[in-house]
Amino acid sequence: MAKAIPARSEDYSLWYNELVKKADLAEHSDVRGCMVIKPYGYSIWEKMQQALDKMFKETGHTNAYFPLFVPKSFLAREASHVEGFAKECAIVTHYRLKNAPDGKGVMVDPESKLEEELIVRPTSETIIWNSYKKWIQSYRDLPILINQWANVVRWEMRTRLFLRTAEFLWQEGHTAHATAEEAVEETLRMLDVYANFAENYMALPVIKGRKSEGEKFPGAVDTYCIEALMQDGKALQAGTSHFLGQNFAKAFDVQFASKEGKLDYVWGTSWGVSTRLMGALIMAHSDDDGLVLPPRLAPIQVVVVPVFKSEEELNAIRGSVQPLINDLRKQHVTVKLDDRDTHKPGFKFAEWELKGVPVRITIGPRDLENGTAEVFRRDTKEKQTLKMEQVAVDVLVLLDEIQKTIYHKALDFRSTMTTQVNTFDEFKQVLEEKGGFIEAHWDGTTETEEKIKEETKATIRCIPLHAREEQGMCVYSGRPSGRRVLFARAY
RNA sequence: CGGGGUGUAGCGCAGCCCGGUUAGCGCACCUGGUUUGGGACCAGGGGGUCGCAGGUUCGAAUCCUGCUACCCCGACCA
């Protein structure tokens with residue numbers, strides 16, 4: 001069988017790039033660093049959005065929309081925030097074009113220079129807190145629990161489809177609270193929402209943790225994250241939730257009158273996940289034959305491939321499978337009947353495997369005679385022939401089982417690829433020969449973190465929330481440490 | 001932004017070093033026929049300002065200059 005994509009073992013990077021393109025998820029646009037998300041890829045993103053949006057609403061949030069442009073002065077209000085984003089901003093300086101003097105094309109009209117430049121949002125804390133100032137006077141106005149689905153721009157030097165693009169789609173939650181406790185609680189609640197989504201929908205096991213000082217979000221007091229492990233042993237941050245303290249409230253002068261009549265600054269959080277999750281989904285489960293999608297996010301859960309020689313045969317098969325298709329749809333299973341007469345069955349098998357459809361049902365003349373259907377599962381590539389009347393029930397069970405199987409496969413992989421080390425030599429050896437997560441003691445200083453990063457390219461992915469208290473010595477400095485933290489090379 | 005590489009049909013490439021008919025090949029595409037339970041076969045056909053702009057030359061895909069985009073390795077990052 002001709003392979004559509006290179007093997008992971010040969011070139012993991014190339015495998016990923018080719019898979020994204022061949023599975024029709026996305027492609028490079030002619031705009032630097034920007035991608036076109038194609039219909040099949042976008043429909044997976046829509047499934048993610050639907051699930052997340054429901055979870056946000058269930059936790060009391062509502063959606064709103066704020067401007068794409070942020071005045072330069074807004075971004076500058078919070079010192080570490082602007083420092084963090086300054087190097088990757090797209091800036092609007094003019095608002096008009098005119099015909100070029102040589103008659104060829106158009107040019108920027110120098111007369112149209114803006115008084116104040118506008119930044120294309122790299123994130124929306126500043127523009128949103130500027131609004132919150134107008135909305136909040138009293139404790140009665142709190143909390144504000146808002147989410148926004150939007151695009152943002154970060155002018156990255158090197159881009160990769162879904163993992164890092166100059167423009168990407170995401171959601172950003174921005175909340176305002178009367179107390180620090182409430183804001184911290186919100187920060188952790190949303191971290192849990194992300195972890196649940198990753199594990200239950202994406203079938204992606206994640207580790208919840210807190211970022212080190214060096215890795216936290218510019219403008220945050222604390223950054224929490226979920227970290228996942230990809231098949232090549234590199235880590236990928238799948239979502240972040242920030243406790244902003246009163247930083248943005250102070251920067252935008254957002255004060256409220258408490259019950260006791262005292263003025264205080266508002267406490268904030270922000271949290272987000274992006275189309276980067278698509279990259280995580282692809283890299284976590286897929287194989288050398290193509291995508292492997294968890295049933296709960298697959299745009300097509302079941303594809304039916306009829307095998308036929310003539311129009312009459314096809315019609316006979318249609319008559320036979322239509323009740324099954326109706327039955328599955330009634331159970332909210334997304335089914336596609338691939339009755340194209342322009343491609344042979346073998347082609348269709350390969351194509352739907354490349355696209356990661358979890359279950360395939362094949363029905364041909366043989367089955368018609370025997371009253372059977374062949375059921376194929378994408379994750380293990382196992383086939384079985386079932387009695388027609390049994391198929392609907394079995395497929396429902398199978399979809400659940402595939403969801404669980406790929407989760408456990410990823411979890412087993414992560415367990416195997418997580419190593420405890422106690423010396424720096426061990427640390428470097430594991431990193432070079434095995435990769436994956438490394439649990440090691442760290443003295444808690446940014447200096448040590450930086451040095452380890454310089455020497456090994458590994459970073460502290462997070463300080464796990466559920467790490468055991470354990471006395472030890474920093475693998476780098478030998479100074480005392482109270483718990484192990486999670487290191488890895490990362491995307 | 002530093003180092004290296006590549007832009008030739010929708011995709012993947014050859015041709016370039018050493019300038020010279022009508023710029024080739026595979027896949028894909030279109031037409032007809034035979035096929036159809038793991039990526040079909042035969043026959044015919046269409047499609048290219050050779051990344052862009054200059055320059056050298058009787059003549060440029062090929063040589064020179066500038067620009068631009070993308071890929072790989074660094075630095076930065078979700």
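By convention in this document, chain letters (A, B, ...) are assigned in the order of the sequence lines, proteins followed by strands, and residues within each chain are numbered from 1. Here the structure is a predicted model, which is why all the values come from computation and not from measurement.
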Would you mind telling me which of U36(B), G38(B), G39(B) lies closest to the side-chain atoms of V307(A)? U36(B)
In this structure, which one of H174(A), E172(A), Q171(A) forms a side-chain hydrogen bond (donor to acceptor under 3.5 Å, both in side chains) with N147(A)? Q171(A)
List the residues meeting side chain to side chain contact (heavy atoms under 4.5 Å, CB included) with E199(A), not counting sequence neighbours, and say none if there are none. P205(A), V206(A), Y407(A)
Rounded off to whole Å, could you give me the CG-to-P distance for the D339(A) and U36(B) pair? 19 Å
Sequence neighbours excluded, which residues qualify as side chain to side chain donor-acceptor pair (under 3.5 Å) partners of D379(A)? R377(A)
Using atom CZ of R360(A) as one end and atom C1' of G38(B) as the other, report the distance to the nearest whole Å. 8 Å
Does any N or O in the side chain of E156(A) come within less than 3.5 Å of the main-chain N or O of T159(A), such that one atom is a donor and the other an acceptor? no
Can you tell me the Watson-Crick or wobble partner of U31(B), both distances under 3.5 angstrom? A43(B)
Atom CG of L354(A) and atom P of G38(B) are separated, to the nearest Å, by 18 Å
My understanding is that only one of R340(A), K336(A), K344(A), K22(A) makes a salt bridge (charged side-chain N to carboxylate O under 4.0 Å, His left out) with E351(A); could you say which? R340(A)
How long is the line joining CZ of F376(A) and P of G37(B), in whole Å? 16 Å
Pairing partner of G37(B) (Watson-Crick or G-U wobble, both distances under 3.5 Å): none
Between G37(B) and C73(B) - P atom distance, rounded Å: 41 Å
When we call it a touch if two heavy atoms are under 4.0 Å apart, what does Q237(A) touch: a base, just sugar-phosphate, or nothing? sugar-phosphate
For T59(A), what residues pass the side chain to side chain contact (heavy atoms under 4.5 Å, CB included) criterion, not counting sequence neighbours? H61(A), R189(A), M190(A), V193(A)
Any strand is fair game: report the nucleotide pairing with A14(B) by Watson-Crick or G-U wobble, both distances under 3.5 Å, or none. none
Roughly how far apart, to the nearest Å, are C76(B) and G15(B) at atom P? 39 Å
I'd like a table of atom pairs between the protein and nucleotides 4-14 of chain B - only N or O on both sides, under 3.5 Å - with the distance next to each one.
none

K348(A): partners by side chain to side chain donor-acceptor pair (under 3.5 Å), with sequence neighbours left out: none
Counting the atoms with a prime plus P, OP1 and OP2 as sugar-phosphate, which does L163(A) contact under 4.0 Å by heavy atoms, base, sugar-phosphate, or nothing? base
Base, sugar-phosphate alone, or nothing: which one does T165(A) contact when heavy atoms must sit under 4.0 Å apart? base
Distance check, P atoms only: G19(B) and C67(B), in whole angstrom units. 27 Å
Any donor-acceptor N/O pair under 3.5 Å between G38(B) base and E353(A) side chain: yes
Roughly how many Å apart are A28(B) and G12(B), using the C1' atom of each and rounding to a whole number? 11 Å
Checking base pairs now: Watson-Crick or wobble, both atom distances under 3.5 Å. What partners C63(B)? G55(B)
If the plane angle is over 60° it's perpendicular, under 30° parallel, otherwise tilted; pick one for W170(A) and F168(A). perpendicular
Residues 291-320 of chain A vs salt bridge (Lys or Arg N to Asp or Glu O under 4.0 Å), sequence neighbours excluded, gives R318(A)-D339(A)
For nucleotides 69-72 of chain B, which of its nitrogen or oxygen atoms have a protein nitrogen or oxygen under 3.5 Å away, and what is each distance?
residue: C70(B); atom: OP1; partner: G33(A); partner atom: N; Å: 3.3
residue: C71(B); atom: OP1; partner: H28(A); partner atom: NE2; Å: 3.3

C1' atoms of G74(B) and A53(B), separation to the nearest Å: 32 Å
5' precedence on RNA chain B between T240(A) and I363(A) (nearest-nucleotide basis): I363(A)
Residue pair W271(A), F56(A): steps toward the ring pair (Phe, Tyr, Trp, His ring centres under 6.0 Å) verdict: CA-CA 11 Å; W271(A) 28 273; F56(A) 298 156; 5.2 Å; yes
Residues 432-439 of chain A, side-chain donor-acceptor partners within the protein, below 3.5 Å, at least two apart:
residue: E432(A); atom: OE2; partner: R489(A); partner atom: NH2; Å: 2.7
residue: E433(A); atom: OE1; partner: Q429(A); partner atom: NE2; Å: 3.3
residue: K434(A); atom: NZ; partner: T416(A); partner atom: O; Å: 3.0
residue: K434(A); atom: NZ; partner: T419(A); partner atom: OG1; Å: 2.8
residue: E439(A); atom: OE1; partner: Q420(A); partner atom: NE2; Å: 3.2

With both distances kept under 3.5 Å, what pairs with C70(B), Watson-Crick or G-U wobble? G5(B)
Going by side chain to side chain donor-acceptor pair (under 3.5 Å), name the residues that satisfy it together with D222(A), two or more places apart in sequence or in a different chain. none
For atom C1', what is the distance between A60(B) and G44(B), given to the nearest Å? 35 Å
Do the side chains of R360(A) and F349(A) get nearer than 4.5 Å, heavy atoms only? yes
Given atom CD1 of I317(A) and atom C1' of G37(B), what is their separation to the nearest angstrom? 10 Å
Atom pairs under 3.5 Å, N or O on each side, protein against nucleotides 31-35 of chain B: can you list them with distances?
none

How are the rings of W129(A) and Y132(A) set relative to one another: parallel (under 30°), tilted (30 to 60°) or perpendicular (over 60°)? perpendicular
Can any side-chain N or O of W442(A) pair as donor or acceptor with the backbone N or O of T445(A) at less than 3.5 Å? yes
Does R366(A) or S274(A) map to a spot on RNA chain B nearer the 5' end, using the closest nucleotide for each? R366(A)
From OH of Y491(A) across to P of C76(B) the rounded distance in Å is 18 Å
Using the C1' atom on both, measure C52(B) against A43(B) and round to a whole Å. 41 Å
Rounded to the Å, how far apart are E88(A) CD and C1(B) P? 16 Å
Interatomic distance where CG belongs to D24(A) and P belongs to A28(B) [whole Å]: 16 Å
Going by heavy atoms closer than 4.0 Å, what residues in residues 454-466 of chain A are next to RNA chain B? K457(A)
Residues passing the side chain to side chain donor-acceptor pair (under 3.5 Å) test with D24(A), sequence neighbours excluded, are K38(A)
Determine the interatomic distance between C1' on U6(B) and the same-named atom on C50(B); round to the nearest Å. 14 Å
Ignoring hydrogens and geometry beyond distance, is the side chain of K383(A) in donor-acceptor contact with the base of G38(B) at under 3.5 Å? yes
Does F427(A) have its ring centroid less than 6.0 Å away from the ring centroid of F487(A)? yes
